[in-house]
Peer 1: 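For reference, the structure I am asking about is given below.
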Amino acid sequence: METKRLSPNDIETAAHIIAGGGLLGIPTETVYGLGANGLDPGAVKGIFAAKGRPQDNPLILHIPEESWLERYCQDIPQTAYTLARRFWPGPLTMILKRRDLVPDETTAGLDTVGMRCPDCALTRAVIAAAGVPVAAPSGNASGRPSPTTAAAMLEDMEGKIQAILDDGPCRVGVESTIIDLTVTPPRLLRPGGVTLEELEEVLGRVEVDDAVRRLMTPGEQPKAPGMKYRHYAPKAPVTVVKGDPDETAGYIVARMGERSGVLCFDEFQGYFRGHPVETIGPAADQAQHARRIFEALRAFDRLEVTDIWAQSPTDEGLGLAVTNRLNKAAGFHIIALP
Ligand code: AMP
Ligand code: MG
């Protein structure tokens, strides 16, 4: 199959692909997604096949406006509307009780469904024109870092999808925050572009799922099914070093091998001369870390490195989402300096 490149003028063609049961690369503010009609079991199966995604990892349904929630969800708590009004369109996915028309293929058999309204006018227009909710996981092959440009998505999906709609690089860079509203207190399943602190302002107490900060042991059943899988990982093994940036840079310099790659803050690039280096922005610029993290991890696969050392951002605010992705890429191989 030849994968067509669509531009922002091609809304009708894009909507036609979705309505016809095809696979479409969609831009969003978080990462590029692999979209299909979320009510069509056959189309949804196509997503799993193209990604090589395990069947028990559910998808998120994307809708163009809050008023579509009732079509696919029931017993919706008032807090869902409060959150939607505050954070939608935007990088927040809410887990709610599903209606029967949402197929098991989309939810991996769960009686809940993840709902999101993306902050990308182009994609909302495509969904509205298609007239169906779009199921979309991140547009990477399963296990790889998520794509934040159309080119990165094509590295994994060329020839496997009908088309990709290019709307430039993603503004946020890490996937949506996932909050489960079917439990009390609400539970953060995945940190993302809407921060834990922002959610707590609206919801009061929020429980943070264990899988956000540590490795699930085999046999453990995490609440967000996707969280048990190896994720976001470049080919070379990653070691994350946590602590004051001056100290972590010094620690890495003293230990790295001849062909080690380094992921570091802009200010420390000069420490690692002669090594493949990917920078993620100034140490204090969390928004830039989020935009850069996946592209930096992907870049190491195009370079010859034996292993990768990474300076870790701090984990408050948006940093919780960035460190979560980095730690997963490292299989939680983390060295915390005193
Ligand atoms: P991706 O966009 O590739 O990150 O995949 C969507 C993520 O949303 C997966 O990691 C799922 O575990 C999570 N998710 C989707 N639906 C549900 C649900 N009903 N309950 C819990 N997590 C969900
Ligand atoms: Mg993903």
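For this chain, numbers begin at 1 and follow the sequence in order. All ligand and atom numbering here is 1-based and tracks the order in the structure.
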Peer 1: Among Ser176, Cys120, Pro118, which one satisfies side chain to side chain contact (heavy atoms under 4.5 Å, CB included) with His62?
Peer 2: Pro118
Peer 1: Pull out every atom of ligand 1 sitting under 4.0 Å from any heavy atom of Asn57, numbered as shown with elements.
Peer 2: 9 (C), 10 (O), 11 (C), 12 (O)
Peer 1: Taking the side chain as every heavy atom from C-beta outward, state whether Leu326 and Ile293 have any pair of such atoms under 4.5 Å apart.
Peer 2: yes
Peer 1: Run through Asp111, Asp104, Thr112 and flag the one making a side chain to side chain donor-acceptor pair (under 3.5 Å) with Arg98.
Peer 2: Asp104
Peer 1: Can you list the atoms of ligand 1 that are under 4.0 Å from a heavy atom of Thr112?
Peer 2: 18 (C), 19 (N), 20 (N)
Peer 1: Enumerate the atoms of ligand 1 whose separation from the nearest heavy atom of Leu110 is less than 4.0 angstrom.
Peer 2: 18 (C), 19 (N), 20 (N)
Peer 1: Could you go through residues 17-45 and list every donor-acceptor pair under 3.5 Å that involves a side-chain atom there, pairing it with any protein atom two or more places apart or in another chain?
Peer 2:
{"unit_1": "Thr28", "atom_1": "OG1", "unit_2": "Thr30", "atom_2": "N", "d": "3.0"}
{"unit_1": "Thr28", "atom_1": "OG1", "unit_2": "Thr30", "atom_2": "OG1", "d": "2.8"}
{"unit_1": "Thr28", "atom_1": "OG1", "unit_2": "Val31", "atom_2": "N", "d": "3.3"}
{"unit_1": "Thr28", "atom_1": "OG1", "unit_2": "Val31", "atom_2": "O", "d": "2.7"}
{"unit_1": "Thr28", "atom_1": "OG1", "unit_2": "Arg116", "atom_2": "NH2", "d": "3.3"}
{"unit_1": "Glu29", "atom_1": "OE1", "unit_2": "Arg116", "atom_2": "NH2", "d": "3.2"}
{"unit_1": "Glu29", "atom_1": "OE1", "unit_2": "Asp119", "atom_2": "N", "d": "3.0"}
{"unit_1": "Glu29", "atom_1": "OE2", "unit_2": "Arg116", "atom_2": "NH1", "d": "2.8"}
{"unit_1": "Glu29", "atom_1": "OE2", "unit_2": "Asp119", "atom_2": "N", "d": "3.2"}
{"unit_1": "Thr30", "atom_1": "OG1", "unit_2": "Arg116", "atom_2": "NH2", "d": "3.2"}
{"unit_1": "Tyr32", "atom_1": "OH", "unit_2": "Asp166", "atom_2": "OD1", "d": "3.4"}
{"unit_1": "Tyr32", "atom_1": "OH", "unit_2": "Asp167", "atom_2": "N", "d": "3.0"}
{"unit_1": "Tyr32", "atom_1": "OH", "unit_2": "Gly168", "atom_2": "N", "d": "3.3"}
{"unit_1": "Tyr32", "atom_1": "OH", "unit_2": "Gly168", "atom_2": "O", "d": "2.7"}
{"unit_1": "Asn37", "atom_1": "OD1", "unit_2": "Leu39", "atom_2": "N", "d": "2.8"}
{"unit_1": "Asp40", "atom_1": "OD1", "unit_2": "Gly42", "atom_2": "N", "d": "2.9"}
{"unit_1": "Asp40", "atom_1": "OD1", "unit_2": "Ala43", "atom_2": "N", "d": "3.2"}

Peer 1: Minimum heavy-atom separation for Pro234 to Ala329, with atom names?
Peer 2: CD-CB, 4.2 Å
Peer 1: Which residues and atoms, counting only protein N, O or S, are under 2.8 Å from the Mg ion (ligand 2)?
Peer 2: Ser138 OG
Peer 1: Using a 4.0 Å cutoff against the non-hydrogen atoms of Ser138, which atoms of ligand 1 qualify?
Peer 2: 1 (P), 2 (O), 3 (O)
Peer 1: By the definition side chain to side chain contact (heavy atoms under 4.5 Å, CB included), identify the one residue from Phe272, Trp309, Phe300 that meets it with Leu263.
Peer 2: Phe300
Peer 1: Would you mind finding which of Ile178, Val31, Leu61 brings a heavy atom closest to atom 8 (O) of ligand 1?
Peer 2: Ile178
Peer 1: Heavy atoms only: which of Lys51, Arg53, Arg98 is nearest to atom 6 (C) of ligand 1?
Peer 2: Arg53
Peer 1: Given Pro58, Gly114, Pro137, identify the one with the heavy atom nearest to atom 14 (N) of ligand 1.
Peer 2: Pro58
Peer 1: One residue to check: Thr107. Relative to ligand 1, which of side chain, backbone, both or neither has a non-hydrogen atom less than 4.0 Å away?
Peer 2: neither
Peer 1: State, yes or no, whether a side-chain contact exists between Glu201 and Arg86 at a heavy-atom distance under 4.5 Å.
Peer 2: yes
Peer 1: Could you point out which residue of Asp210, Asp180, Asp209 forms a salt bridge (charged side-chain N to carboxylate O under 4.0 Å, His left out) with Arg187?
Peer 2: Asp209
Peer 1: Is Arg255 close enough and on-axis enough to Tyr251, meaning under 6.0 Å and within 45°, for cation-pi?
Peer 2: yes
Peer 1: Tell me whether Thr279 contacts the main-chain N or O of Cys264 through its side chain, where contact means a donor paired with an acceptor under 3.5 Å.
Peer 2: no
Peer 1: On a heavy-atom basis, I'd like to know which of Arg190, Glu175, Arg187 is closest to atom 4 (O) of ligand 1.
Peer 2: Arg190
